Chemist: 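Below you'll find the structure I mean.
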Amino acid sequence: MNVNFIDQSNQRKFSNYKKDCNDIFNQCKERFNLPKQTTVSCILVDDMTMHQYNHTYRNKDYATDVLTFVDDQDESYLGDVIINVVALEKQAKEYDHTIKREMCFLFAHGLLHTLGFDHQNEQEEAIMIAHQKEILQHVSKRSYRKSNR
């Protein structure tokens, strides 16, 4: 396994998604021909911690769902994908899909950022979304929560 999974959220239920993150990472390594020894970190944090990161490193005074810090010093280490578990749960509910699906989506999104993909314009966004969809279809197909509707 090449994902350093660090749960700082104090909600151990998210550790159930380690395997999914590793599966996504393996999809990316294969898709982009990354060396076998390549690693990345997935760090789970709460809303307040994410707010602090966003304020400190991006000068944005709010929490966001995912932040990516690229490591350009170590060829085998891509960087950190930081996921806000409060936003993860909220968005899963808003989009009417599972926690697993949202976790996989946010991790894939952040991972693509570590690989240099972005969404600053429509063309970049279309490329990034296409990669996300392809990666996620192999790991976490869109799955909906069970509802009473």
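Small disclaimer: the values here were computed from a predicted structure and weren't measured.
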Chemist: Can you tell me how far the CZ atom of Arg12 sits from the CG atom of Asp7, to the nearest 0.5 Å?
Modeler: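 Arg12 atom CZ to Asp7 atom CG measures 5.0 Å (nearest 0.5 Å).
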Chemist: Could you go through the side chain to side chain donor-acceptor pair (under 3.5 Å) check for Asp61 and His51 one step at a time?
Modeler: CA-CA 7 Å; Asp61 195 23; His51 187 140; 2.7 Å; yes
Chemist: Below 30° counts as parallel, above 60° as perpendicular, anything between as tilted: where do the rings of Phe32 and His131 land?
Modeler: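 Judged by the thresholds at 30° and 60°, the geometry between Phe32 and His131 is perpendicular.
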Chemist: Are Tyr57 and Ile6 linked, directly or through intermediate hydrophobic residues, by side-chain heavy-atom contacts shorter than 4.5 Å (ILVMFWY only)?
Modeler: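 Yes; Tyr57 is reachable from Ile6 via cluster members.
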Chemist: Could you tell me whether the side chain of Ser41 reaches within less than 4.5 Å of the side chain of Tyr77, counting heavy atoms only?
Modeler: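 Side-chain contact under 4.5 Å: yes.
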Chemist: Just by modelled atom types, is the Gln73 backbone N or O under 3.5 Å from a matching donor or acceptor in the Asp71 side chain?
Modeler: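 Present.
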Chemist: Is any side-chain heavy atom of Cys104 less than 4.5 Å from a side-chain heavy atom of Leu136?
Modeler: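 Yes. Closest side-chain heavy atoms under 4.5 Å.
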Chemist: When you group the ILVMFWY residues by side-chain heavy-atom contacts below 4.5 Å and let the links chain together, are Leu111 and Met50 in the same group?
Modeler: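 In one cluster with Met50: Leu111, no.
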Chemist: What's the separation between atom CZ in Arg101 and atom CG in Asp96, rounded to the nearest 0.5 Å?
Modeler: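 It comes to 13.0 Å.
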Chemist: Is there a donor-acceptor pair under 3.5 Å between the side chain of Thr56 and the backbone N or O of Tyr53?
Modeler: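 No, the answer is negative, given that no donor and acceptor are paired below the 3.5 Å cut-off.
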Chemist: Which heavy atom of Gly110 sits nearest a heavy atom of Val66, and at what distance?
Modeler: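 Heavy atoms of Gly110 and Val66 come nearest at CA-CG2, 4.3 Å.
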Chemist: Compare every heavy atom of Gly79 with every heavy atom of Val40, then report the nearest pair and how far apart it is.
Modeler: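 Closest heavy-atom pair between Val40 and Gly79: CG2-O, 3.2 Å.
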Chemist: Is there a side-chain contact between Lys90 and Val86, using heavy atoms and a 4.5 Å cut-off?
Modeler: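 When only atoms from C-beta onward are counted, Val86 and Lys90 do not touch, as no gap falls below 4.5 Å.
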Chemist: Is the number of heavy atoms from other residues, nucleotides or ligands under 6.0 Å of Gln37 CD greater than 12?
Modeler: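 Result for CD/Gln37: enclosed.
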Chemist: Do you know the tightest heavy-atom contact between Met103 and Cys21?
Modeler: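 Looking at all heavy atoms of both residues, the shortest contact is CE-SG, 4.2 Å.
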Chemist: Looking at every non-hydrogen atom in both residues, tell me the closest pair between Asp20 and Asn16 and how far apart they are.
Modeler: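 Nearest pair, atom of Asp20 first, then Asn16: OD2-O, 4.1 Å.
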Chemist: Are Leu44 and Leu88 co-members of a hydrophobic cluster defined by side-chain heavy atoms under 4.5 Å apart?
Modeler: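 Same hydrophobic cluster.
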Chemist: For the side chain of Asn22 and the backbone of Val3, is there at least one donor-acceptor N/O pair under 3.5 Å apart?
Modeler: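 It does hold such a pair.
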Chemist: Might you confirm whether atom CD of Gln11 has over 12 heavy atoms from other residues, nucleotides or ligands at distances under 6.0 Å?
Modeler: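 Yes.
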Chemist: Tell me the closest heavy-atom pair linking Ser9 and Val85, and the distance in Å.
Modeler: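 It is CB-CG2, 3.6 Å.
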Chemist: Return the CG to CZ distance between Leu112 and Arg31, rounded to the nearest 0.5 Å.
Modeler: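 Here the interatomic distance stands at 8.5 Å.
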Chemist: Between Lys93 and Glu102, does a salt bridge (Lys or Arg N to Asp or Glu O under 4.0 Å) hold up when you go through it step by step?
Modeler: CA-CA 9 Å; Lys93 194 172 197 174; Glu102 188 66 15; over 6 Å; no
Chemist: Can you measure from CG (Asp65) to CG (Leu106) and round to the nearest 0.5 angstrom?
Modeler: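 Atom-to-atom, Asp65:CG and Leu106:CG are 5.0 Å apart.
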Chemist: Looking at NE2 of His119 and CE of Met128, how far apart are the two atoms once the value is rounded to the nearest 0.5 Å?
Modeler: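 Result: 4.5 Å between the selected atoms.
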Chemist: What class does the angle between the rings of His97 and Tyr95 fall in, given that below 30° is parallel, 30 to 60° is tilted and above 60° is perpendicular?
Modeler: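 Parallel.
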Chemist: Are Thr114 and Val81 packed together at the side-chain level, in the sense that at least one heavy-atom pair is separated by less than 4.5 angstrom?
Modeler: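 In contact.
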Chemist: So, Asn2 versus Lys29: side-chain donor-acceptor pair below 3.5 Å or not?
Modeler: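 Yes, because at least one side-chain N or O of Asn2 sits under 3.5 Å from a partner of the opposite role on Lys29.
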Chemist: Check whether any side-chain heavy atom of Val70 sits under 4.5 Å from a side-chain heavy atom of Leu115, and report yes or no.
Modeler: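 SC-SC contact between Val70 and Leu115 ruled out.
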Chemist: Could you give me the CA-CA distance, side-chain angles and deciding distance for Leu67 and Asn54, then say whether side-chain contact (heavy atoms from CB on, under 4.5 Å) is met?
Modeler: CA-CA 8 Å; Leu67 284 174; Asn54 209 23; 3.7 Å; yes
Chemist: Please walk me through it: do Glu89 and Glu94 pass side-chain contact (heavy atoms from CB on, under 4.5 Å)?
Modeler: CA-CA 9 Å; Glu89 288 183 306; Glu94 285 175 9; over 6 Å; no
Chemist: Got a second to check how far Ile82's CD1 is from Phe69's CZ, nearest 0.5 Å?
Modeler: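 Here the interatomic distance stands at 4.5 Å.
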Chemist: Leu78 versus Thr38: any side-chain heavy-atom pair under 4.5 Å?
Modeler: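 Counting from C-beta outward, Leu78 and Thr38 do come under 4.5 Å.
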Chemist: Can you get from Phe117 to Phe25 by hopping between Ile, Leu, Val, Met, Phe, Trp and Tyr side chains that sit under 4.5 Å apart?
Modeler: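 They do share one cluster, since a chain of ILVMFWY contacts under 4.5 Å joins Phe117 to Phe25.
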Chemist: Go through the steps to decide whether His113 and His109 satisfy the test side chain to side chain donor-acceptor pair (under 3.5 Å), and finish with yes or no.
Modeler: CA-CA 7 Å; His113 278 303; His109 183 88; 3.1 Å; yes
Chemist: Within the distance-only criterion (no hydrogens, no angle test), does the side chain of Glu124 pair as donor or acceptor with the backbone N or O of Gln120 below 3.5 angstrom?
Modeler: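 Checking the backbone N and O of Gln120 against the side chain of Glu124, a donor-acceptor pair under 3.5 Å is found.
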Chemist: Counting only N and O atoms by type, is there a donor-acceptor contact under 3.5 Å from the side chain of Lys100 to the main-chain atoms of Tyr17?
Modeler: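 Checked: no pair found.
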Chemist: What I'd like to find out is whether the side chain of Cys42 reaches to under 4.5 Å of the side chain of Ile83, using heavy atoms alone.
Modeler: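 When only atoms from C-beta onward are counted, Ile83 and Cys42 do touch, with a gap below 4.5 Å.
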Chemist: Of the non-hydrogen atoms in Ala92 and Thr98, which two are nearest, and what is the gap between them?
Modeler: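 Minimum heavy-atom contact is CB-O, 3.8 Å.
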